[in-house]
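The next block holds one structure in the form of structure tokens; read it before the comments.
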Amino acid sequence: MSKPISKPIPNPTTTRPGRTAAAVLAGAALTAGLLAAPAASAASQQAAAGPAVPFGSHRYPYAAGILKPTGAQADLDQKVVTVYNAWKAAFVKQNCGNGWYQVISPDADHPYVAEAQGYGMVVTATMAGADPNAKTVFDGLVKYVLAHKSVNNADLLAAEQDSSCKSVNGSDSATDGDLDVAYGLLLADRQWGSTGTYNYKDLAVKHIKAIKASEINPSTHLTLLGDWSTKGDSTYYITRSSDWMIDHFRAFRTATGDAGWDTIRSAHQNLITRQQSGYAPNTGLLADFVVNTNGTARPAPGEVLESPNDGDYSWNACRDPWRIGADAVTSGDAASLASARKINTWIKGKAAGNPASIVTGYKLNGTVFDSGHDMAFTAPFAVTAMTDPGSQAWLDALWTKLAGTAVDPKLYYGSSVQLQSMIVASGNHWVP
């Protein structure tokens, strides 16, 4: 079986509009709670049904030498809360009854996609403490996920649903969504414990085991595109760079005790290093898709799944600086730091310090092939900027751009990447 993976419908000629009313939400009450987070132990907080790691508590410091945007921490945190409020108002819905919550994706190829539900779970668990309704929303997302099982592995999420929340297009999985669903469940277990309506830890471990069984190539130890990509399929030795979530693999190792996740993590880090040195030595950019992973892995030679730009830095790979950078800032891992810094050095020079000049598509050698602007491309570079001690001014410029860009309710994809990049950049990302 060969099928396209859900992704946004690119609209590269559309620049992001000015601030909308949706972005101007009442956050003062949330801010008061955010800034007054109690210093009680995790155990006592969970006993009181509160989050163990409330947003803004910064209980997991980043690696030594990692930058954050200039300004008071409370102000950085509040800017994230403001964007979160707008993002939630635009995209977190209860459109299909059943006690479900869903994250809607108006600019994707289906109204509801697995990637969006994964984003919703990770974001909601992270924002607990700033959002008093976080656990309710999270449990509604869990209920939705459990009601939409993949036909190939019942512990994975069906990738796409129509406007009635009915699974379509094969009812099979997409790896990126499952990775975030599992990660979100681990965050929830840490936040609220697993003795309530859902045993988050048990669900997470089942999901992680299913990912390893059905979405990791057993010979290359690299991510497959979904549980539909099986041995003998033309996509079996193709992997998508935006699925290489190194910090998730670390969390899965901790949660399961399975050393196989160390092997999986190393395989992806080694592939990133080889792809950067072999195909993008001056930029560090990665292709949307890498082929021939059972031999000499290389960027896709044109269209292999989604578009003629499958071998370029396009609408999937644009997330890579965020994903690679998230591991670099939290773990301080030398390989992740080196990969992130290579990307940062190139984009800082390419953009000449001006985030407004970042566009929606680059060849791996850094030449532009698309001239639009979108937060999905701009925001992730803020995370790689954090890894370079000489990039404070560049990070500050990026942060100003992100914090000053209103959430567009028509652009779920860019808005979701914007919010999550801001969570990392403000020092609020943590690995369970």
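Only a predicted model underlies this, so the values are computations on that prediction, with no experimental measurement involved.
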Sequence neighbours excluded - side-chain hydrogen bond (donor to acceptor under 3.5 Å, both in side chains) pairs with any residue from residues 117-128: Tyr119-Arg319
My understanding is that only residues two or more places apart in sequence, or in another chain, count here; which of them pass salt bridge (Lys or Arg N to Asp or Glu O under 4.0 Å) with [X]?
| X | value |
| --- | --- |
| Lys201 | none |
| Asp243 | Arg240 |
| Arg253 | Asp262 |

Donor + acceptor pair across side chains of Ser314, Asp312 (<3.5 Å): no
Is the closest side-chain donor-acceptor distance between Gln73 and Lys68 under 3.5 Å? yes
May I ask you to decide if [Y]'s main-chain N or O and [X]'s side chain share a donor-acceptor pair within less than 3.5 Å?
| X | Y | value |
| --- | --- | --- |
| Ser214 | Ile211 | no |
| Gln418 | Leu402 | yes |
| Trp261 | Arg250 | no |
| Gln78 | Ala74 | no |
| Ser150 | Leu156 | no |
| Thr223 | Thr239 | no |
| Tyr62 | His429 | yes |
| Asp374 | Ala376 | yes |
| Asp107 | Tyr413 | yes |
| Gln102 | Asn95 | yes |

Checking [X] now: which residues fulfil side chain to side chain donor-acceptor pair (under 3.5 Å) with it, not counting sequence neighbours?
| X | result |
| --- | --- |
| Thr293 | none |
| Thr345 | none |
| Asp178 | His207 |
| Ser426 | Asn428 |

What's the shortest heavy-atom distance between [X] and [Y], and which atoms?
| X | Y | result |
| --- | --- | --- |
| Lys348 | Gly390 | NZ-O, 3.4 Å |
| Arg341 | Thr387 | NE-O, 2.7 Å |
| Thr235 | Trp228 | OG1-CZ3, 3.6 Å |
| Ser167 | His148 | OG-CD2, 3.5 Å |
| Ser336 | Ile246 | OG-CG2, 4.3 Å |
| Thr384 | Pro321 | CG2-O, 3.4 Å |

Could you list the residues that satisfy side-chain contact (heavy atoms from CB on, under 4.5 Å) with [X], not counting sequence neighbours?
| X | value |
| --- | --- |
| Ala317 | Ser241, Asp288, Tyr313, Asp320 |
| Asp155 | Asn153, Lys206, Ala210 |
| Asn217 | Ser219, Thr220, Leu224, Tyr236, Tyr237 |

Test salt bridge (charged side-chain N to carboxylate O under 4.0 Å, His left out) on Asp327 and Arg265; report intermediate values, then the result. CA-CA 11 Å; Asp327 183 65; Arg265 174 178 55 80; over 6 Å; no
Atom pair [atom1] ([X]) and [atom2] ([Y]), whose distance is rounded to the nearest 0.5 Å:
| X | Y | atom1 | atom2 | answer |
| --- | --- | --- | --- | --- |
| Leu285 | Lys342 | CG | NZ | 10.5 Å |
| Asn169 | Asp172 | CG | CG | 7.0 Å |
| Ile343 | Ile272 | CD1 | CD1 | 8.0 Å |
| Lys401 | His373 | NZ | NE2 | 8.0 Å |
| Phe91 | Ser415 | CZ | OG | 4.0 Å |
| Met386 | Ser391 | CE | OG | 12.0 Å |

Over 60° means perpendicular and under 30° means parallel, so classify the ring planes of Phe252 and His248, tilted if in between. perpendicular
What is the ring orientation for Tyr60 with Trp430, classed by angle as parallel under 30°, tilted 30 to 60°, or perpendicular over 60°? parallel
Given the rule in the side chain to side chain contact (heavy atoms under 4.5 Å, CB included) test, do Ser339 and Thr273 qualify, once you have shown the distances and angles that lead to the verdict? CA-CA 7 Å; Ser339 295; Thr273 299; 4.2 Å; yes
Enumerate the ring-ring contact (aromatic ring centres under 6.0 Å, His included) contacts for residues 324-370, please, sequence neighbours excluded, ordered by first and then second residue. Trp346-Tyr362
Are more than 12 heavy atoms, taken from residues, nucleotides or ligands other than Lys209, located less than 6.0 Å from that residue's NZ atom? no
Test side chain to side chain contact (heavy atoms under 4.5 Å, CB included) on Tyr183 and Met121; report intermediate values, then the result. CA-CA 8 Å; Tyr183 193 83; Met121 291 173 70; over 6 Å; no
In terms of side-chain geometry, is the basic nitrogen of Asp180 or Arg323 positioned less than 4.0 Å from the acidic oxygen of its partner? yes
Salt bridge check, Asp139 against Lys135: does any charged N sit closer than 4.0 Å to a carboxylate O? yes
Give a yes or no on whether the ring-centroid distance for Tyr412 and Trp87 is below 6.0 angstrom. no
So, Tyr84 versus Phe55, ring centres under 6.0 angstrom or not? no
A side-chain contact here means heavy atoms from C-beta on lying under 4.5 Å apart; do Ile238 and Leu305 qualify? no
Tell me, do Leu67 and Asp388 make a side-chain contact under 4.5 Å, heavy atoms counted? no
Passes side chain to side chain contact (heavy atoms under 4.5 Å, CB included), Trp244 versus Ile324? Steps please. CA-CA 8 Å; Trp244 305 344; Ile324 295 170; over 6 Å; no
Test log, rule side chain to side chain contact (heavy atoms under 4.5 Å, CB included), inputs Gln161 and Tyr144: CA-CA 11 Å; Gln161 288 82 46; Tyr144 182 88; 2.8 Å; yes
